Amino acid sequence: MQAYLIKNLKDYEGQQVTLQGWASNRRDSKGIYFIILRDGTGWCQCVVSAESVSEEVFNECKKITTETSIIITGTVTKDEKQMGGFEVQATDVQIIAVADEYPVSKKEHGVDFLMDNRHLWLRSQRQWAIMKIRNQIIFSIHQFFQKEGFIQMDAPLFTGNACEGTSNLFETDFYGDTAYLSQSGQLYGEAMAFAMGKIYTFGPTFRAEKSKTRRHLSEFWMIEPEMVFFDIFQNMDLIESFLREVVSNVLTNCKAELAMVGRDTTVLEQIIKPFPRLSYDEAVRIIKGEQDVNGQNSIKSLEDELKQVEAKMEEINKEIVEREEKIKTPGMKKGEIGFNQAKIDKLKQELKDLEEVTRNIPGWLNSARNFEYGNDFGGSDETVLTRLFDVPVMVYNWPHEVKAFYLKRDPDNSKFARGVDVLAPEGYGEIVGGGERETDTDLLIEKIKEHQLPMEAFEWYLDLRRYGSVPHAGFGLGLERLVTWICKLPHVRESIPFPRMYGRLLP
RNA sequence: UCCUUGGUAGCUCAGCUGGUUAGAGCACAUGACUGUUAAUCAUGGGGUCGCUGGUUCGAGUCCAGCCCAGGGAGCCA
């Protein structure tokens, strides 16, 4: 028996096919069953009528609960109403395993419940689409770097020391010694670049931050290219063409998936425009509202948004009251009451989200107005800045005190380090951090001491400067943050199959 | 770690200034209906009101502590 895939049904119109998968939904009337079959490549309605299958098979169909695995044979017919445009008129149905009562229903669920059922949640359409887009992004990343002559390398995950010092690391036992789970493969990438020229790492990294925000994971995947004979400007050129190509690939190859997650692609299509390059000084002026962007002021637009949200909340409140009145009118059909009740529930949820926004914006406004020159950007500062743009923004030349020890001091102004952060638009914030590396051995040693890092652990790294130092640069891209922005997800946790974050180790 | 919001049926929620036997929708089960798109309609089972203690004649409701979760800050990709 040859099995067919739902995604290819269009090639078999009028022909008989056999599909194997799971029943994601079943409806029935007298003498007819409608089964939505899911096979991993798509969804398709299969019609089982009493006339076209044996009585025995028809009676068996009663057992098909949500997520029961089945094999269906039937004829492909065109039906514009169906997703995918085709349905299958079944001639035979075979049950493989009847599923127990399935916990994930079509109704809305809370985040905690969905996360507890992540292993099942992945089967639903929206999550399926996100994972397909993630896959396309991963593929495009490899494609881009391989095409550009980069060698992929794997950095170690056990490290003997805190690489950058600042973040909290996960400790583990390594044959009696304390080892840390890697928070970056960059230093190893630099070493490899001196052997290969251009390299990129693609692997997991670990941060033990007790952060509970929409941007943080404890375990996430990072791509870290490193290029010899590169300065910060060549680095920015590379980042720009890299992100442009990945986003373009998703746009051309994942149209259906982007539609499934409800992504408005007009913003993504702006990716062909040049990315603004702002110096730290300029970015700070914009955040503080001292400089406008395309006639937009950060402070004012945030204040306007607050007003808009408040107006919207009033509107929603009005609609809720109206619908609640409507439900009470006597003689209303049960179906209509249910419809209105569902609408009210949805509006109330929306209201809760907006309330959250009104609680957050004043804090962001406050932090933007009082931003202290010389500090690193916080999450809210990135939000305030990137809300004003529709393409990624590059901020470069940072005060050297707030950045990592290995960044090159700017030759024109020693206050600055040649780091660059790429911030995703629409309020998403940092997706890339990178820069040109320090080549001055003495300055590096000084920096390592300043950051109170154990010198002996960095001797091998200093060797890279001692034996034929060259200018070089690189960057690190957070895969999940890129997926989150491209899909416009409300939280990073949906961008990875099984998120690991503070308080979440299962499933 | 801090600020903030919440925890009531398998799920999503309602439950007013404390007061009889704690409710709805969905899901599930049974039945009706030959084209449904979260199908519809009828009937039914289903609860340690997060935990512990306190106030009270009486606590889902008030108070305290703890636990868990959402959002944010710090830190970061």
Side-chain angles (χ1 to χ4, degrees), chain A residues 25-36 43 45 47-51 65-66 79 81-83 87 89 100-117 164 166-168 183-184 186 205 207-218 220-224 324 327 333-342 344-346 348-349 352-353 355-364 366-367 375-383 402 404 421-424 428-434 475-482 484-485 490-493 502-504:
Chain A
N25 195 12
R26 191 202 77 188
R27 291 177 286 270
D28 62 82
S29 266
K30 188 176 187 182
I32 192 163
Y33 286 100
F34 298 99
I35 297 164
I36 306 294
W43 282 259
Q45 173 161 287
V47 185
V48 185
S49 98
E51 292 158 8
T65 55
T66 301
D79 184 355
K81 280 183 296 183
Q82 303 305 327
M83 74 180 282
E87 69 174 16
Q89 311 298 326
D100 290 351
E101 187 179 331
Y102 194 62
V104 183
S105 68
K106 276 164 216 75
K107 256 264 197 164
E108 308 231 343
H109 292 291
V111 183
D112 196 33
F113 176 81
L114 287 171
M115 290 307 302
D116 282 342
N117 290 283
E164 294 176 31
T166 48
S167 4
N168 297 315
Q183 60 163 348
S184 165
Q186 190 211 300
T205 45
R207 307 269 166 99
E209 301 287 352
K210 288 184 180 174
S211 302
K212 293 178 79 164
T213 80
R214 62 184 62 210
R215 300 184 302 280
H216 288 88
L217 291 169
S218 302
F220 62 97
W221 289 70
M222 196 147 68
I223 294 91
E224 296 180 285
E324 275 172 346
I327 286 180
K333 274 190 197 146
K334 209 179 158 189
E336 206 168 337
I337 291 174
F339 174 79
N340 276 289
Q341 192 59 56
I344 288 168
D345 287 353
K346 218 169 195 172
K348 282 189 176 169
Q349 187 54 49
K352 265 189 188 169
D353 292 345
E355 264 168 32
E356 201 94 65
V357 174
T358 60
R359 273 196 294 270
N360 289 336
I361 289 183
W364 295 352
N366 204 36
S367 128
N375 284 353
D376 202 351
F377 293 172
S380 66
D381 305 313
E382 291 176 1
T383 304
V402 300
D421 279 4
V422 181
L423 312 176
Y428 274 90
E430 185 168 5
I431 50 173
V432 168
F475 62 92
L477 166 80
L479 176 65
E480 285 73 20
R481 286 193 177 173
L482 181 62
T484 302
W485 168 59
H491 196 296
V492 269
R493 68 182 151 228
Y502 184 56
R504 173 64 61 185

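Naming convention: chains lettered A, B, ... in sequence-line order (proteins, then strands); numbering from 1 in each chain. Since the structure is predicted, the reported quantities are computational estimates derived from the model, not experimental observations.
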Side chain [X] and base [N] donor-acceptor under 3.5 Å:
{"X": "A/E87", "N": "B/U37", "answer": "no"}
{"X": "A/R481", "N": "B/C76", "answer": "yes"}
{"X": "A/Q45", "N": "B/U36", "answer": "yes"}
{"X": "A/H216", "N": "B/C76", "answer": "yes"}
{"X": "A/E355", "N": "B/G71", "answer": "no"}
{"X": "A/E209", "N": "B/G74", "answer": "no"}

### Task
Kindly give the heavy-atom pair with the smallest separation between A/M222 and A/Q183, and that separation in Å.
CE-O, 3.7 Å

### Summary
Minimal heavy-atom distance between A/T484 and A/E480, with the atoms involved, is OG1-O, 2.6 Å

### Query
How do A/S49 and A/K352 order along RNA chain B: which one's closest nucleotide is nearer the 5' end?
A/K352

### Query
When you match A/R504 and A/I431 each to their closest nucleotide on RNA chain B, which lands nearer the 5' end?
A/R504

### Message
Is any side-chain heavy atom of A/V432 closer than 4.5 Å to one of A/R481?
### Response
no

### Task
For B/U4 and B/U8, measure between their P atoms and round to the nearest Å.
22 Å

### Query
Among B/G35, B/A38, B/A77, which nucleotide sits nearest the side chain of A/E430?
B/A77

### Task
Remember a base hit wins even if backbone is also touched, and classify A/W221 as base, sugar-phosphate or nothing at under 4.0 Å, heavy atoms.
nothing

### Task
Determine if A/F34 stacks with B/G35; use a centre-to-centre distance below 5.5 Å and an interplanar angle below 30° as the criteria.
no

### Task
Kindly determine whether A/E356 and A/R359 satisfy salt bridge (charged side-chain N to carboxylate O under 4.0 Å, His left out), including the steps that lead there.
CA-CA 5 Å; A/E356 201 94 65; A/R359 273 196 294 270; 3.4 Å; yes

